[in-house]
Amino acid sequence: MSTSSGNITSVLKETRAFIPPAEFSANAHVKSMAEYEKLWQDAAKDPEKFWGQQAETLQWMQKWNKVLEWNPPHAKWFVGGKLNISANCLDRHLHGPRHNKAAIIWEGEPGEQRILTYQMLHREVCKFANVLKNIGTKSGDRVTIYMPMIPEAAIAMLACARIGAIHSVIFGGYSADAVADRNNDAGAKILITADGGWRRGKVIPLKENVDKSLEKSPTIEKVVVFNRCNLSVNMKAGRDMWWHEEMAKASADCPAEPFDSEHPLFILYTSGSTGKPKGILHTSAGYLLGTSSTHKWVFDLKEDDVYWCTADVGWITGHSYIVYGPLCNGATVMMFEGAPNHPKEDRFWEIIEKYRVSIFYTAPTAIRAFIKWGDHWPDSHDLSSLRLLGSVGEPINTEAWMWYHEKIGKGRCPIVDTWWQTETGSMMIAPMPGAIPTKPGSATKPLPGIIAEVVDQKGNRVAANQGGFLVIRKPWPSMLRTIFNDDVRYKEQYWSQIPNTYFTADGAREDEDGYIWVMGRVDDVLNVAGHRLSTMEIESALGSHAKVAESAVVGKPDEIKGEGICCFVTVKAGVVVSEELKKELRDHVTKEIGALARPDEIRFTDSLPKTRSGKIMRRLLRDIASGKQTTGDTSTLEDYTVLSKLRQEDE
Ligand code: PRX
């Protein structure tokens, strides 16, 4: 794919289509293509009417008086309405048959099991909301949540929502420095963590990381620590307190207060094309409507489903499809703390068998790992409870799709490939599984209310099967509202390319049947194992090492992770390069950002290929990293010898 010239060449050709099984369609919420098309057309004709009708599914404390106020690029949805997000996810289920239904079925990596019914979850959330109040948390305060995959992570999120505090969940794999940056950007006052969490048989020392991060994040006043692993941790008097001790003192009575539809619900940091992570801001009613409606449509949710999304709550997928969407719909959510290959490579299949999971939502990178581990792992388990499979995070390659379909779904279960982003809040392009035939590798068609198009640089729609930029033409309820503390960047990153149109930064093509095939990012963002990392973020981590003069980071194909991280590094004068220095740099990036950003490859070079204006020619580096011959235009290259030197190093 060439992005510098704006031309995107699509090379994928996949012609198979899989029709929804008749029995599945007969029982589905949306039963046919005609039904989907009518829904989509009606929504496109009058989006405000459509979303207004959909919003009736939420529980309001005061009804809105206007569906949308659109001052591009700023949207306000359900203006004048008031609701409480935690009441929508919990209290509304307490007065009917769901009050004793399992809300969360949890399994810890060492094997413990816990079940929280809606009533029990409600009680925990109310108590923790009172803990937050008792330690001085007010509506609008920012609360960092840095936790393992335990029910308390969801409890902390919902407790924030209950009292109007804005949570900022940080994935447990991020380093102390990354936590400090995020605490500081959000101006967080409270931090909720655990002593540690289990991952692949080892304990991740979360509290120790927090202690280091707090040396650099002065805004944090109080730290609440959940005892997950019985570690002996440092507890600073006056600042740190134990979760269980505070809960023991807290009342279970915490009536849900009404908050404005546009009250901020959370900030979630994600990578963009500059070095600094962006705090994506989501608000209340629109976000909840987007996540709950798509969760119901795309997973075709039924009352007795056992639904399992394997993402971590630290990512948007965990926010939208472990916590808010499913709980708003009264679903039973499976939650697992650990790794898919601990203690053995069949852990996921064992969980599906044990709890009779019916909907399973995971990422292509995981599917590729399952393929590598071997068919005997899933083959040795009863997977007959499954009825629907999902994929998210990156384009799914045909081989992975077919394996998922045959080996896990036994040819019976529709696969929903769901395209969306941290910024979109909820799924945008995904099949309604009873209605839309699937094609391996395509997320199929935009959901009702979503006007997605593939366009050229000027914003004109391109012809069928031509590559272009994926854009969204109209605002939608769960869209990001801004970048926290940086509205200028919000306008520039998403709304400056094409007037009044949301720019996704993904390349795509639309085929002759209106199916969209997402091809990947067109900016300097890598997609490593379904996680977004900016090349600049890694470059700035490398640049903070005393021996590094300059670096350029590019992606290279990786069989399991989709994309691996390749760093071209020039060192300062007098520094001797060595294998040890490579390891030192890898460790340094891990310390600065976290293990997910650990470079796969470091290549030392005397200089980097640059244009005459001094821009690094990443396209050339990408070719070298992936072992391809350089075919692109090199006419602006400043120093021709650099390329051949880089190649020699390769040999
Ligand atoms: O490039 C697209 C890819 O992941 C990006 C969004 O990353 P993030 O905000 O971390 O959210 C991931 C979970 C929603 C997109 O811009 N992406 C996500 N899902 C798909 C995808 N690419 C192709 N197909 C998908 N189903």
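Counting starts at 1 for both ligands and their atoms, in listed order.
Not a single heavy atom of Ala443 lies less than 4.0 angstrom from ligand 1.
The shortest N/O to N/O separation between Glu423 and ligand 1 does not fall below 3.5 Å. The shortest N/O to N/O separation between Thr317 and ligand 1 does not fall below 3.5 Å.
Contact of the Cys309 side chain with the Phe360 side chain is not registered, since no non-hydrogen atoms from C-beta on lie closer than 4.5 Å. Val179 is listed as a side-chain neighbour of Ile170, based on a closest heavy-atom distance under 4.5 Å. Within the 4.5 Å cutoff, side-chain heavy atoms of Trp77 are placed close to those of Met479.
Residue contacts with ligand 1, taken as heavy atom pairs separated by less than 4.0 Å, involve Gln421 via backbone and side-chain atoms alike. Residue-level proximity to ligand 1 for Asp506 is carried by the side chain, the only part with a heavy atom below 4.0 angstrom.
Every atom of ligand 1 with a heavy atom of Thr422 under 4.0 Å away is listed here by number and element: 8 (P), 9 (O), 10 (O), 11 (O). Against a heavy-atom cut-off of under 4.0 Å, Asn527 is close to the following atoms of ligand 1: 3 (C), 4 (O). Atoms of ligand 1 lying under 4.0 Å from any heavy atom of Val518, numbered from 1 in the order shown and given with element: 22 (N), 23 (C). Near Val392, meaning under 4.0 Å from one of its heavy atoms, ligand 1 places the atoms 13 (C), 14 (C). Listed by number with element, the atoms of ligand 1 under 4.0 Å from a non-hydrogen atom of Thr418 are 19 (N), 20 (C), 25 (C), 26 (N). Annotation for ligand 1: atoms under 4.0 Å from non-hydrogen atoms of Arg521 are 1 (O), 16 (O).
With sequence neighbours left out, the side chain to side chain donor-acceptor pair (under 3.5 Å) criterion links Ser25 to no other residue.
Considering all non-hydrogen atoms of both residues, Val454 and Ala508 come closest at CG1-O, 3.2 Å. Looking at every heavy atom in both residues, Pro277 comes nearest to Arg182 through CG-NH2, 3.6 Å. In terms of heavy atoms, Gly425 sits closest to Ser320 at O-OG, 2.7 Å.
More than 12 heavy atoms of other residues, nucleotides or ligands sit less than 6.0 Å from atom NZ of Lys561.
Given atom 7 (O) of ligand 1, the protein heavy atom at minimum distance is Arg532 NE, 3.4 Å. For atom 23 (C) of ligand 1, the nearest non-hydrogen atom of the protein is Pro395 N, 3.1 Å. Protein heavy atom closest to atom 19 (N) of ligand 1, with residue, atom name and distance, is Gly393 N, 3.1 Å. Counting only heavy atoms of the protein, atom 6 (C) of ligand 1 lies nearest to Trp420 O, 3.7 Å.
Side-chain atoms of Thr590 and Arg598 include a donor-acceptor pair closer than 3.5 Å.
Between His531 and Trp315, the ring planes are parallel. Angles under 30° get that label, and only those over 60° would be called perpendicular.
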